[in-house]
Amino acid sequence: MANPENDQIGDALVEFSLHGVFPDEDVSSRYVQVDHFAPALASLAAAKSKLEADIHLINEDTASDVSLWIANAKSLEDDINRTRNWANEIVRKSEAPDVSGKTIRDAEERVDFLQREAIYNNQLHDALARLSRVSRLLDEVELARDERRILQSLHLLEESWTALDSVPVSKSCRVMKLLDIRAFELKSTVHDVFDHVWKSLVQADPLTSQIAVLDSQEDEQMSLADAVIGLKAYKEVDTRMMALWQDLDQILIRPRTNPELENIPAIRVENSALILAGEADRTVASLFKDLQIVVKYLSERLPEDLVYSLSSIMMPDLIPNLISSWLEPAVPTSLKDMDKFQKIIDTTKAFCENLDSFKFSGFGELQEWVQSVPRVWLAKCRETALGSIRAKLEQGLGAPKEIERVETQTVSQEEGRQLASNGANPTGHDGWDAAWDDTEVLANPQDPSKQPVNEGDDDDGADAWGWGEEDDGNADEADATTANVDLKQDDPSEEEDPAAAWGWGDDEEVTDPSKDSKGTDKGAKPSSSTREVTLKETYNISSMPDPVIALILAILEDGASLVRNDGNPMAAAAAGLFSLPTLVLALFRAVSPHYYTLEAGGNMFLYNDATYLSERLSEVSNNWKARDDLVPRAKSMLRLDNDVKALQLFAARAYSSEMTTCRTILRDLLGGSQSLLQQDSLGSSDLQSQVENASGYIRTTAATWSTILAKSAWCQAVGSLVDTIASKIVSDVMDLEGIGQDDAYNIANLIARITELDDLFLPSGGGKNAVPSTSEYAGNWLRLKYLSEVLQSNLQDVRYLWMESELSLYFTVEEVVDLIGLSFVDNARTREVVREIQGRPHPRGPV
């Protein structure tokens, strides 16, 4: 049974929630217990259910409520008339002279009240009238919708929204909400009908690959022009045009503009529809013809507003595709196909004019491409040229090619004897050949300012020939490199640097070799008689230089043709074309080291290739300026001098990198920064193995380089490696704290193993008595041999080597004294020999 006290609490909560009525004090002050909550919540739930039922009932009676509002408005009008009569009566009575003041005040208050009531009633009547008009308009919208009069429905719907906005009632009012909901639902249903009509006017069928745009349909009252109004009303112009373009692109444009398709379909107009039919050729002219059919069809059938919207959506997709897939691939890489490309340019210009005449817009990118054709063509040439270099490098070095360097120089008789002694021979003069020797002339193909030095001898055949010099090739300048090397030998700890020895970047004056004191022959003057001799030497290059030269020559010829023909549409690109060789060579220098180092001896191939390129480009530059068929402007536009210098420096870096790597490996095989000889036992197999590995590495490297470098360059490079091992052994011996008899014997054996490398420098066909030329290319070689002699000698022999032999040419007084201190006991005899040696620091004469 329900508790009355619990019911009072539930009723108080309901009244407060619905009407804001605060409960009586006897209820509000009552103590609420836990068991009171369940009945209270049940009362709230019942009130909620009843309220929802009332709302639902009100929603169902919406139509009758509006009619009731109209009836009430008429009743209100009658009340207004009645109150107006009352007001007139009051005015009449107020004009009577016998009315008291209190009566007048009451009448005035009543008049004021009635006036306010009249204003309120007028406002209420106006609001109800406006609401009635909105309701009638919505009824008309619904009728027009059912009769498929879409435009009239839209107009009426728009008019109903305007009328609804003019009702002087708050939007939160229930009747306003109901009318707004009804208008929105009608708008949605009208849009569904409009969408059906639009699809009947603009038809897209992917199955049959056709698109039709119709002006009207027999069973529809709305035309395509009328549809624009609907699109604007629903703000769907851009949305519908986007959908139309997507259908066009998927059904027609994409298949027609895809060059990768095996069979490209053509676009035709049949039965008032655009369709794919037949097969089109792969020319740009045919493509633009089909696209013109499309834009003309759309321009004739779509209203101008829709054409403008469609073009703003269509062109940003279509134009970049045309440029990237059709126009750019059609750009030629040379002037050979320029006539054909000119027709493509003309066709593109005509297509742009047609787009403009058909009221299409947004194709500015295509117009810019046409106007910048010279720049586009130049970019294509650049891309193709650089791509060909990369592709060629990716294919590897290819088969080597033998290059013969032939040059005529004027040499003295003494130089001729030196050349003959080095295995070189001038050709072309029988008398001179008979005076020297009957052997083949070999010369270094590289520039003498970049040659590895000749150490240990006064004349270097390759350096003395003076290849690459632009002077008269006199013998004094040709012997400059040897003189510089002799000065280096004063410091035995200084290691030969081929890059520095080649004289890269050196412009200082050189010393006269006649002042050198290394040998008795150094003071002799060459014979004054001179002859011209032709010097020859061969070396190998990879397959890279010739394609690079051919590419550069083709580019230059195209540039010269453009300069001669100012009427050519690409004439503006002439200057840029002449700059392409620099880019090609820059790419070669940047990328080639990676690919060359993948091959054995790759850096030496790179050295030869870069040197060969610099020589050929220098010839190209000279021949270019001497040509009679070129205009002066074409001659002045070729600037390869900096590229030639860059290639020469690049070749030097390649050679230097290879030599640095090889010397580092060689030092690591000999103990690295640690002394090779400061081990547990100098006679150990590990020590001998290290020396054998170093010698084997030199022989392997020499064999690899022999198929790449010219003979003289090979001698210089291998001589540098031999000099590295010699300087390492000499330095390690000088660092020892003492040398016993057994240690001296073991060190001499190690040196004997190293000096077996002499066989690398034996002249070809020299026989058993041939003298190796190792010392000419390794400055520390004789120093190593004399060190072996000292280690195997007694004090008297050491004194003889210093006083009578040539030990003083390769060791200083301090070094010999240190060696004596390491090898011999400190006694009177030792001190006497030391004093004699110190007393004659230059027994062979002043340096």
**Request:** For Trp377 and Leu335, indicate whether the former's side chain and the latter's backbone hold a donor-acceptor pair under 3.5 Å.
**Result:** no

**Request:** Taking all non-hydrogen atoms of both residues into account, name the closest pair between Met570 and Ile345 and its distance.
**Result:** CE-CD1, 4.0 Å

**Request:** Using a 4.5 Å cut-off on heavy atoms from C-beta on, say whether the side chain of Leu640 contacts that of Trp624.
**Result:** no

**Intermediate values then yes/no, side chain to side chain contact (heavy atoms under 4.5 Å, CB included), Val591 and Ile389** = CA-CA 9 Å; Val591 179; Ile389 296 298; over 6 Å; no

**Request:** Could you check Leu201 against Val213 for side chain to side chain contact (heavy atoms under 4.5 Å, CB included), going step by step and ending with a plain yes or no?
**Result:** CA-CA 6 Å; Leu201 297 176; Val213 178; over 6 Å; no

**Prompt:** Taking all atoms of both residues into account, what is the closest heavy-atom pair of Met241 and Leu310, and its distance?
**Reply:** O-CD1, 3.7 Å

**Request:** Return the minimal non-hydrogen interatomic distance between Lys392 and Pro547, and the atom names on each side.
**Result:** CE-CG, 3.8 Å

**Request:** Indicate yes or no for a side-chain donor-acceptor contact from Thr597 to the backbone of Pro593 under 3.5 Å, with no hydrogens or angles considered.
**Result:** yes

**Message:** Would you say that Asp249 contacts Asp317 through its side chain, given a criterion of any heavy-atom pair below 4.5 Å between the two side chains?
**Reply:** no

**Request:** Evaluate the side-chain proximity of Pro320 to Glu365: yes if any heavy-atom separation is below 4.5 Å, no if none is.
**Result:** yes

**Fill in**
All heavy atoms of Ala560 vs all of Leu630, minimum pair found to be CB-CD2, 3.7 Å

**Request:** Mind checking side chain to side chain donor-acceptor pair (under 3.5 Å) for Arg382 and listing every partner two or more places apart, or none if nothing turns up?
**Result:** none

**Prompt:** Could you go step by step and tell me if Ile211 and Asp205 meet the side chain to side chain contact (heavy atoms under 4.5 Å, CB included) rule?
**Reply:** CA-CA 6 Å; Ile211 288 180; Asp205 189 356; over 6 Å; no

**Message:** Using a 3.5 Å distance criterion without hydrogens, assess whether the side chain of Thr347 forms a donor-acceptor pair with backbone atoms of Lys343.
**Reply:** yes

**Request:** Taking all non-hydrogen atoms of both residues into account, name the closest pair between Val307 and Ser299 and its distance.
**Result:** CG2-CA, 4.1 Å

**Prompt:** Do any pairs count as a ring-ring contact (aromatic ring centres under 6.0 Å, His included) and have a residue in residues 293-316, sequence neighbours left out, and if so which ones?
**Reply:** none

**Complete:** Between the CG atom in Leu298 and the CZ atom in Arg301, the distance rounded to the nearest 0.5 Å is 9.5 Å

**Prompt:** Can you name the nearest heavy-atom pair linking Ala574 to Leu562, along with the distance?
**Reply:** CB-CB, 4.0 Å

**Asked** Would you find more than 12 non-hydrogen atoms of other residues, nucleotides or ligands less than 6.0 Å from Lys74 atom NZ?
**Response** no

**Item:** Separation of Asp546 CG from Leu551 CG (nearest 0.5 Å)
**Value:** 12.5 Å

**Message:** Is the shortest side-chain heavy-atom distance between Ile319 and Trp369 below 4.5 Å?
**Reply:** no

**Fill in**
CG (Leu318) and CD1 (Ile313) are apart, to the nearest 0.5 Å, by 13.5 Å

**Crowding at CG, Asn642 (>12 non-hydrogen neighbours, <6.0 Å)** = no

**Item:** Lys296 and Val269: CA distance, side-chain angles, deciding distance, side chain to side chain contact (heavy atoms under 4.5 Å, CB included) verdict
**Value:** CA-CA 11 Å; Lys296 181 180 179 182; Val269 177; over 6 Å; no

**Message:** Filter on side-chain hydrogen bond (donor to acceptor under 3.5 Å, both in side chains), then keep only pairs touching residues 550-563, sequence neighbours left out; what's left?
**Reply:** Glu557-Arg627

**Asked** How many angstroms lie between CG in Leu244 and OG in Ser309, if you round to the nearest 0.5 Å?
**Response** 9.5 Å

**Item:** Heavy-atom side-chain contact between Ser361 and Met315 under 4.5 Å
**Value:** no

**Fill in**
By side-chain contact (heavy atoms from CB on, under 4.5 Å), Gln292 pairs with (sequence neighbours left out) Asn354, Phe358

**Prompt:** In Å and rounded to the nearest 0.5 Å, what is the CD1 to CG distance from Ile541 to Leu613?
**Reply:** 7.5 Å

**Asked** Would one find more than 12 heavy atoms of other residues, nucleotides or ligands at under 6.0 Å from atom CD of Glu304?
**Response** no

**Prompt:** Sequence neighbours excluded, which residues qualify as side-chain contact (heavy atoms from CB on, under 4.5 Å) partners of Thr384?
**Reply:** Thr333, Lys380

**Prompt:** Between atom CG of Asp629 and atom CZ of Arg564, what is the distance when rounded to the nearest 0.5 Å?
**Reply:** 6.0 Å

**Side chain to side chain, Ile275 and Thr208, heavy atoms closer than 4.5 Å** = no

**Request:** Check whether any side-chain heavy atom of Leu327 sits under 4.5 Å from a side-chain heavy atom of Val376, and report yes or no.
**Result:** no

**Ile264 side chain reached by Thr257 side chain, heavy atoms, under 4.5 Å** = no

N/O donor to acceptor pairs below 3.5 angstrom from side-chain atoms of residues 575-589, sequence neighbours left out:
from   : atom 1 : to     : atom 2 : distance (Å)
Ser579 : OG     : Gly576 : O      : 2.6
Thr582 : OG1    : Asp643 : OD2    : 2.9

